[in-house]
Student: 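Here you go, one structure.
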Amino acid sequence: MPELPEVETIKRSLEPVCGRRVVEVIEVNPVVVKRRDFSASSLVGCVLKQVARRGKYLVLEFDEDHFMVVHLGMSGRFYRMASSEERAKHTHFIVKLKAGEELRYWDPRRFGGVWLVSKPAELFTALGPEPFTDDFCQEYLQERFHGRKAAIKSLLLDQSVVAGIGNIYADEILFAAGIHPARPAGSLSAEELERLCKVTGEVLGRGIDCRGTTFRDYRDGNNERGGFQDFLTVYSREGEPCTVCGQQICRIKLGGRSSHYCPCCQK
DNA sequence: AGCTCACCCTGGACGC
DNA sequence: TGCGTCCAGGGTGAGC
């Protein structure tokens with residue numbers, strides 16, 4: 001389940017291929033391309049200038065205002081691989097680069113997608129601030145959450161509130177903040193919001209340091225597993241003891257998503 | 001406007 | 001062994 005730390009890790013692991021020229025593009029499954037301002041073949045001859053991230057989106061910038069935006073949904077991978085390596089089932093889109101290497105978009109569940117656009121910012125107009133910027137602060141959350149009755153967990157998952165948080169890190173962030181996931185967002189005090197902002201950066205930062213969380217599908221840009229799954233405090237730990245107080249971790253459904261929390265540490 | 005929920009999709013786990 | 005059913009969830013959109 002690629003969230004901000006996973007996409008950031010992929011971004012960093014793709015930096016070595018910046019500067020390489022595209023020699024061929026193969027649309028194995030054109031259905032995954034959600035929008036095309038230009039044909040895939042017009043990428044041929046372009047140089048990959050840089051790789052960026054916005055929320056959970058990976059943004060590949062080629063020259064001549066050609067951008068390839070990738071979202072990995074919940075089961076997607078985007079990685080570099082030698083062209084000689086066998087192509088796995090569910091490989092939907094391939095960008096072949098000079099020197100025998102290629103970028104492969106693989107996604108068995110196809111919840112993700114690819115956008116070939118000239119102005120990527122148009123895709124991101126509804127996205128909230130990045131959690132590592134000054135815009136993401138206690139005052140901002142106070143304004144956004146004022147009067148809101150929805151569960152804080154649901155709003156942390158809302159990409160228009162803050163970009164990049166998914167189900168795993170939302171649970172981990174709320175545990176670190178000592179806040180119960182079902183609390184109405186509008187009921188959080190200024191102190192709690194301050195703490196929420198602080199631990200959001202810390203938890204996501206640790207996720208990046210561990211190169212992401214791999215349960216099943218996630219791999220980085222080198223097709224390697226992450227390490228944060230070994231440090232999870234609540235997610236996927238239903239019935240196991242809390243790492244702080246020893247109480248059993250509980251699981252409830254909020255907004256259709258599993259939410260894990262410690263009934264003793266989170267109020 | 002805010003909130004909840006169904007839907008898309010596939011592979012894996014589980015029960016019979 | 002094999003079949004059927006359920007579950008995971010990011011984003012979107014329908015409906016209340």
Side-chain angles (χ1 to χ4, degrees), chain A residues 1-10 28-35 53-59 69-78 87-93 105-115 117 120 122-128 130-131 141-174 181-188 204 207 212-219 225-226 228-229 232 234-239 249-261:
Chain A
M1 295 145 231
E3 307 178 28
L4 186 153
E6 288 74 34
V7 180
E8 179 66 25
T9 301
I10 293 171
V28 183
N29 185 356
V31 172
V32 301
V33 181
K34 308 294 182 186
R35 179 176 151 187
R53 180 192 59 74
R54 178 75 174 96
K56 302 175 192 172
Y57 291 86
L58 196 61
V59 183
V69 177
V70 179
H71 194 292
L72 299 172
M74 63 169 284
S75 57
R77 298 179 188 171
F78 192 78
R87 189 188 302 168
K89 187 184 173 187
H90 305 302
T91 302
H92 303 304
F93 199 98
Y105 168 61
W106 176 93
D107 185 8
R109 262 164 268 193
R110 281 189 280 128
F111 275 27
V114 170
W115 293 256
V117 294
E122 291 176 358
L123 298 177
F124 308 140
T125 51
L127 282 189
E130 289 289 321
L141 288 183
Q142 200 145 38
E143 188 193 320
R144 288 299 301 257
F145 292 168
H146 180 73
R148 302 288 298 267
K149 295 194 170 84
I152 177 63
K153 165 73 182 282
S154 298
L155 290 196
L156 278 184
L157 292 176
D158 184 340
Q159 301 300 296
S160 74
V161 170
V162 55
I165 297 175
N167 206 38
I168 297 173
Y169 291 95
D171 281 359
E172 294 299 311
I173 287 164
L174 288 171
R183 281 271 301 282
S187 76
L188 270 62
L204 294 175
T213 305
T214 297
F215 271 111
R216 184 193 312 277
D217 291 313
Y218 167 71
R219 298 290 188 278
R225 298 167 62 88
F228 195 60
Q229 64 277 4
L232 294 176
V234 285
Y235 185 83
S236 86
R237 296 194 65 243
E238 183 187 14
I249 299 302
C250 296
R251 179 164 76 113
I252 51 171
K253 281 263 182 190
L254 286 173
R257 300 284 175 262
S258 281
S259 299
H260 312 74
Y261 67 98

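Chain naming here is simple, since letters A, B, ... match the order of the sequence lines and numbering starts at 1 in each. Basis for what follows: all heavy atoms, side chains included, without hydrogens, waters or symmetry-related copies.
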Student: C/dG9, OP1 or OP2 - any side-chain N/O from A/Y218 closer than 4.0 Å?
Tutor: no
Student: Starting at CD1 of A/I252 and ending at C1' of B/dT4, how long is that distance when rounded to a whole Å?
Tutor: 15 Å
Student: Using a 4.0 Å heavy-atom cut-off across all strands, classify A/K34 as base, sugar-phosphate, or nothing.
Tutor: nothing
Student: Per the ring pair (Phe, Tyr, Trp, His ring centres under 6.0 Å) rule, what does the pair list look like for residues 147-174 of chain A, sequence neighbours excluded?
Tutor: A/Y169-A/F228
Student: Look at the side chain of A/R53 and the backbone N and O of A/G55, then say whether any donor-acceptor pair between them is shorter than 3.5 Å.
Tutor: yes
Student: Return a single string for nucleotides 10-16 of chain C, one symbol per nucleotide in 5' to 3' order, where B is base contact, S is sugar-phosphate-only contact and - is none, cutoff 4.0 angstrom on heavy atoms.
Tutor: BB-----
Student: So what does A/S258 hit on the nucleic acid, given a heavy-atom distance under 4.0 Å: a base, only sugar-phosphate, or nothing?
Tutor: sugar-phosphate
Student: Does any non-hydrogen side-chain atom of A/R87 lie less than 4.5 Å from one of A/V28?
Tutor: yes
Student: If we fit an axis to the first five pairs and another to the last five of the helix from B/dG2-C/dC16 to B/dC16-C/dG2, what angle do they make, to the nearest 10°?
Tutor: 50°
Student: Is A/H90 close enough to B/dG11 that one of its side-chain N or O atoms is under 4.0 Å from OP1 or OP2 there?
Tutor: yes
Student: Mind calculating the distance between CG (A/D217) and P (B/dG11) to the nearest angstrom?
Tutor: 10 Å
Student: Do the numbers put A/R77 on top of the ring of A/W106, so that NZ or CZ is under 6.0 Å from the six-membered ring centre and no more than 45° off the axis?
Tutor: yes
Student: Indicate whether OP1 or OP2 belonging to B/dT4 is found under 4.0 Å from a side-chain N or O atom of A/K153.
Tutor: no
Student: On DNA chain B, does the nearest nucleotide to A/K89 precede the nearest nucleotide to A/A151 from the 5' side, or the other way round? Give the residue.
Tutor: A/A151
Student: How are the rings of A/H71 and A/Y57 set relative to one another: parallel (under 30°), tilted (30 to 60°) or perpendicular (over 60°)?
Tutor: perpendicular
Student: Can you spot which of A/I252, A/L174, A/D171 makes a side chain to side chain contact (heavy atoms under 4.5 Å, CB included) with A/H260?
Tutor: A/D171
Student: A/R148 side chain N/O closer than 4.0 Å to the phosphate oxygens (OP1, OP2) of B/dC3?
Tutor: yes
Student: Would you call the rings of A/F78 and A/Y105 parallel, tilted or perpendicular, where under 30° means parallel and over 60° means perpendicular?
Tutor: tilted
Student: Using OP1 and OP2 only, check whether a side-chain N or O of A/R251 sits under 4.0 Å from C/dA8.
Tutor: yes
Student: Between A/G255 and A/R110, who's closer to the 5' end of DNA chain B by nearest nucleotide?
Tutor: A/G255
Student: Any chance NZ of A/K34 has more than 12 other-residue heavy atoms, nucleotides or ligands included, within less than 6.0 Å?
Tutor: yes
Student: Roughly, in whole Å, what's the span from NZ in A/K253 to P in B/dA6?
Tutor: 10 Å
Student: Can you tell me if A/K149 uses its side chain to pair, donor with acceptor, with the backbone of A/A185 under 3.5 Å?
Tutor: no
